Number of protein chains: 2
Amino acid sequence: MVVESARARTLSHVEPAEVPLQVALDALADPVRRSILRDLATHDEWTRACGTFDLPVKKATASHHFAVLRSAGLIEQRDEGARRLNRLRRPEFDKSFPGLLAATVDRED
Amino acid sequence: MVVESARARTLSHVEPAEVPLQVALDALADPVRRSILRDLATHDEWTRACGTFDLPVKKATASHHFAVLRSAGLIEQRDEGARRLNRLRRPEFDKSFPGLLAATVDRED
DNA sequence: CATGGTGTTCGATCCTTGTCGTACAGTATG
DNA sequence: CATACTGTACGACAAGGATCGAACACCATG
């Protein structure tokens with residue numbers, strides 16, 4: 001029988017449908033967070049652990065940004081051993097906020 | 001010969017095409033500013049003076065928000081006597097940021 | 001010209017939040 | 001078990017920005 005680890009059980013996710021527009025915009029307004037989302041958008045799902053992103057901040061700050069993205073319904077996280085893998089919740093988020101990801105992460109600047 | 005007033009001459013506008021995504025998102029992330037944009041989106045152009053908006057802030061703060069919207073290429077302003085009329089730059093802004101206004105101001109929350 | 005209305009500017013304040021160091025928990029590997 | 005690696009939690013700090021009051025400029029109207 002497969003049992004979730006205690007660590008994974010503390011991982012609370014928020015459904016994009018429950019996210020207020022204000023929360024979504026606050027999450028998307030940060031350049032470091034958009035950089036994370038762009039990275040996820042251009043790679044296969046569940047292939048990027050938190051530590052594999054090339055970010056201009058220390059790991060404590062990066063951890064904070066991942067938490068913000070999760071509570072805004074933008075990413076899903078899953079533990080795999082010592083690493084925490086990420087996935088962009090593109091279809092779910094697009095359903096709640098049509099065009100918002102396209103207008104923000106599908107861009108150069 | 002018609003000459004612009006000194007007051008109107010100080011009104012500097014920014015083209016949406018010159019606006020970085022970061023500036024646009026910062027402007028759209030504030031609820032008071034979105035409320036202004038929604039108001040403009042649902043009325044005829046050049047019919048709303050700054051003082052005619054029902055905002056939960058004092059006029060000094062409102063003036064600040066209009067300045068932010070102008071420098072983000074989201075609104076255009078024109079002086080008409082003592083009043084300053086506003087217009088949502090929908091087509092120009094949509095061209096530079098397709099879907100962004102639709103995802104933010106065309107919404108309930 | 002005096003008064004009232006519209007809107008901006010300036011300085012001050014307050015609050016949010018992005019940032020980091022450190023400590024800690026969980027996992028893998030020797 | 002000892003060590004190294006991955007990521008989070010917590011407290012502290014600093015910067016940015018939203019807010020306001022007061023003073024000011026401009027316009028309209030009597």
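Everything numeric in this text was worked out from a predicted model, so none of it was measured. Order of the sequence lines fixes the chain letters, A, B, ..., with proteins taken first and strands second; residue numbering starts at 1 for each chain.
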Sugar-phosphate, base or nothing in reach of B:Ala49, heavy atoms under 4.0 Å: sugar-phosphate
Looking at residues at least two apart in the chain, or sitting in another chain, which of them share a side chain to side chain contact (heavy atoms under 4.5 Å, CB included) with A:Glu45? A:Arg87
Among C:dG5, C:dT19, D:dG7, the one nearest B:Ala82 by side-chain distance: C:dG5
Option among A:Val105, A:Leu28, A:Val68 that satisfies the side chain to side chain contact (heavy atoms under 4.5 Å, CB included) test with A:Leu74: A:Leu28
Please list each protein N or O that sits under 3.5 Å from an N or O in nucleotides 20-24 of chain D, with the distance.
| from | atom 1 | to | atom 2 | distance (Å) |
| --- | --- | --- | --- | --- |
| D:dC20 | OP2 | B:Lys58 | N | 2.8 |
| D:dC20 | OP2 | B:Thr61 | OG1 | 3.3 |

Within the structure, does a side-chain N or O atom of B:Arg83 lie under 4.0 Å from either OP1 or OP2 of D:dC26? no
Could you tell me the separation between the CG atom of A:Leu55 and the P atom of D:dT6, rounded to a whole number of Å? 14 Å
Could you tell me the separation between the CG atom of B:Leu69 and the P atom of D:dG17, rounded to a whole number of Å? 14 Å
Provide, to the nearest angstrom, the distance between the CG atom belonging to B:Asp26 and the P atom belonging to C:dT16. 18 Å
So, does A:Arg84 get its side chain near the phosphate of D:dT8, meaning an N or O under 4.0 Å from OP1 or OP2? yes
A:Leu55 and A:Leu85: same hydrophobic cluster, using ILVMFWY side-chain contacts below 4.5 Å? no
Hey, could you give me the CD1/CZ distance between B:Ile36 and B:Arg33, rounded to the nearest 0.5 Å? 8.5 Å
Rounded to the nearest angstrom, tell me the gap between atom CG in B:Leu85 and atom C1' in D:dC27. 13 Å
B:Ser96 to A:Arg107 - nearest heavy-atom pair and separation: O-NH1, 3.1 Å
Can a salt bridge be assigned to the pair B:Glu80 and B:Arg78 using a cut-off of 4.0 Å between side-chain N and carboxylate O? yes
Given that A:Val68 and B:Ser63 both sit by DNA chain C, which one's nearest nucleotide is further toward the 5' end? B:Ser63
For the side chain of B:Asp30, starting at C-beta, report the closest nucleotide among C:dT8, C:dG18, D:dA18. D:dA18
Less than 4.0 angstrom from a charged side-chain N to a carboxylate O is my criterion; do A:Glu108 and A:Arg38 meet it? no
Distance check needed: D:dT6 C1' versus A:Arg78 CZ, whole Å only. 16 Å
I need the CZ-P distance between B:Arg70 and C:dT9, as an integer number of Å. 7 Å
Rounded off to whole Å, could you give me the CG-to-C1' distance for the A:Leu11 and D:dA9 pair? 14 Å
Does a nitrogen or oxygen in the side chain of A:His65 sit under 4.0 Å from OP1 or OP2 of C:dT19? yes
For the pair made of CD in B:Gln22 and C1' in D:dG17, what is the distance, rounded to whole Å? 14 Å
